[in-house]
Amino acid sequence: MAVRLFDTRSRKKREFVTLEEGKVGLYACGITPYSPSHIGHARQAISFDIIVRWLRKRDFEVNYITNFTDVDDKIISAANKEGVDFLEISNRYIDDYFESMDALNVIRADAYPRVTETIPEIIEMVESLIEKGNAYVAEDGVYFEIDTSPDKYGQLTGQTLEMVRSGAGGRVDKTGSGKRDHRDFALWKMAKPGEPSWESPWGEGRPGWHIECSAMSLKHLGERFDIHGGGSDLIFPHHEAEIFQSECCLGHDPVVQYWIHNGMVNVDGEKMSKSLGNFWTISEALENVDPLVLRYSLINAPYRQPVDFNQVMIDDSEVHHHRLVTSYGEGLSKKGSTDWRGIQWLEEATGRFESGMDDDFNTRVALVEVQSVAKRMRVLLDSERDSEEIAGAVRWISDYAGSVLGLLPEDSELLSKIQSQEIAKDEISQHVETLLLERDEARESKDWARADEIRDELTGMGVIVEDGPNGATWRIE
RNA sequence: GCACGAGUGGCAGAGCAGCUAUGCAAUGGACUGCAGAUCCAUGGACCCGGGUGCAAAUCCCGGCUCGUGCUCCA
């Protein structure tokens, strides 16, 4: 079964064929570290994390690269505000990023190149573009000249030069004064006093925003590579600029075989933004939400769809995730885990899960399968039989919900938690049993007031009493 | 204005030509003094108008509404 993915450039799902048999070069645009990472970053990282996990599951050898734009206007202004070096700012928020991503169970990329470590390659690329006549040197910087390659315009957005010309009409950018045309974009910005800068043939300065990704992807993945991705807000102009730069510089197209973009995170139906006051950093969100629940909620829709982050959605995810994990834990501690192959209903679930994931990484479909396997396992667990099927289901959940979707805590962690709960239970067991006995007597004599009083007392101790057909059972919450 | 995407049951959200999506909620039942948990069952949907198909949430055309992009942004 082949993997299909939605390519932004051709605007349709295409069968995934790699340049080199069995190998995938994947570049995803990372963050500009000037403030704490937010939920949108989480979604981007998790989306690509799962794509990488799935391609590896499908036996591809994946080289996954994601970058840090560790020098730019916002970083510089944050540094000036605090009176510190710009690298102090970027390093701080890169640390924050890794901390958040580790919590969200995002597997590290194979490399995290930074702009400040790629300056020579960037300069080389800009030089080459000037030589080829695609770029020109102006007072305040070096610019890419769109008109040298008008046919490349709108490859990802479906717009043409004329559309943008008319659309942008009133608000032509006046800041890039050296530009010949407002649609040209900066490859190199000459340094203003006090700004971090590097020497170049055109004077002290720093790279423009777009060129870094062209240079870094070239450096790490070569002149052609399979997948380039990022958030959908980067499609224009960032990724279109990259197409101009890379293809003009290297002299062939396409450089990137497939462009993929994850959807944005909205909050209560509106775009998350600082000005609207509905902005969530990851660490803020994690104060109230378990990281794996957050992860669950963000893959509960296919990666290209927008996701609406709101209380209902979090509550739902909490219920679903909690049930998945507790079922898994119960199965694991009671029946262990064994190979599931050959168990028909699990084979069928596998088929649906895999074809969902093969179809543009549809995690929503995959999640439905996970939940239905968990549910069936719970039923089996209740019926106290079919150990082999339960153990198979445990392994299945571990393989798919765990390894592929990254939704489960470590087995050891889970088991020790269950164990410590058992111990806690043992400690108060006698006391609880005594009270329950008393309550049974009260119930026997239909003294409901006394019975409820005892139940309330137990609730106060964190003990949940549940009356069943064979008398009362209890557990610790 | 232009571009891209979306409009599905009370809610969230899949499916994208034929077969129960699913979960939460609701209702009925099992169990129940009550509550809770669990299980079983049930109802209920495809924005509007045309078109193409034996067959359309699913494809095509035209509307309407919403979101996003066109400036830095995952």
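In the text below, chain A, chain B and the rest are named by the order of the sequence lines, each starting its count at 1. Only a predicted model underlies this, so the values are computations on that prediction, with no experimental measurement involved.
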When we call it a touch if two heavy atoms are under 4.0 Å apart, what does [X] touch: a base, just sugar-phosphate, or nothing?
X        : value
A:Val365 : sugar-phosphate
A:Arg11  : sugar-phosphate
A:His261 : nothing
A:Gln371 : nothing
A:Arg43  : nothing
A:Gly30  : sugar-phosphate
A:Pro237 : nothing
A:Gly231 : sugar-phosphate
A:Met264 : base

Fill in: Sole residue of A:His239, A:Gln44, A:Arg304 in side-chain contact (heavy atoms from CB on, under 4.5 Å) with A:His261
A:His239
Can you tell me the pairing partner of [N] across any strand shown, Watson-Crick or G-U wobble, with both distances under 3.5 angstrom?
N      : value
B:rC19 : none
B:rG5  : B:rC66
B:rC24 : B:rG10
B:rG53 : none

Have [X] and [Y] got a donor and an acceptor in their side chains that come within less than 3.5 Å?
X        : Y        : value
A:Trp474 : A:Glu433 : yes
A:Asp181 : A:Tyr143 : no
A:Arg114 : A:Asn91  : yes
A:Trp259 : A:Gln155 : no
A:Asp7   : A:Ser10  : yes

Quick test of your reading of the model: are [X] and [Y] salt-bridged, counting only N-O distances below 4.0 Å?
X        : Y        : result
A:Lys13  : A:Asp360 : no
A:Asp140 : A:Lys192 : no
A:Arg53  : A:Asp49  : yes
A:Glu466 : A:Arg475 : yes

Practice prompt. Check whether any side-chain N or O of A:Asn362 sits under 4.0 Å from OP1 or OP2 of B:rG15, and answer yes or no.
Written response: yes
Practice prompt. If the glycosidic angle is within 90 degrees of 0 it's syn, otherwise anti, so just tell me which one B:rA57 is.
Written response: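 Classified syn.
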Discussion item. Tell me if B:rG53 is syn or anti. Syn = glycosidic torsion within 90° of 0, anti otherwise.
Written reply: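 In terms of base orientation relative to the sugar, B:rG53 is syn.
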Could you go over nucleotides 25-28 of chain B and give all protein N or O partners under 3.5 Å, atom names and distances?
none

Using only heavy-atom distances, decide whether a donor-acceptor pair under 3.5 angstrom links the side-chain of [X] to the base of [N].
X        : N      : value
A:Asp316 : B:rC11 : no
A:Arg439 : B:rG33 : yes
A:Arg455 : B:rA35 : yes
A:Asp452 : B:rG33 : yes

If you restrict it to nitrogen or oxygen atoms, what contacts under 3.5 Å exist between nucleotides 38-42 of chain B and the protein, and what is each distance?
from, atom 1, to, atom 2, distance (Å)
B:rU38, O2', A:Asp382, OD2, 3.3

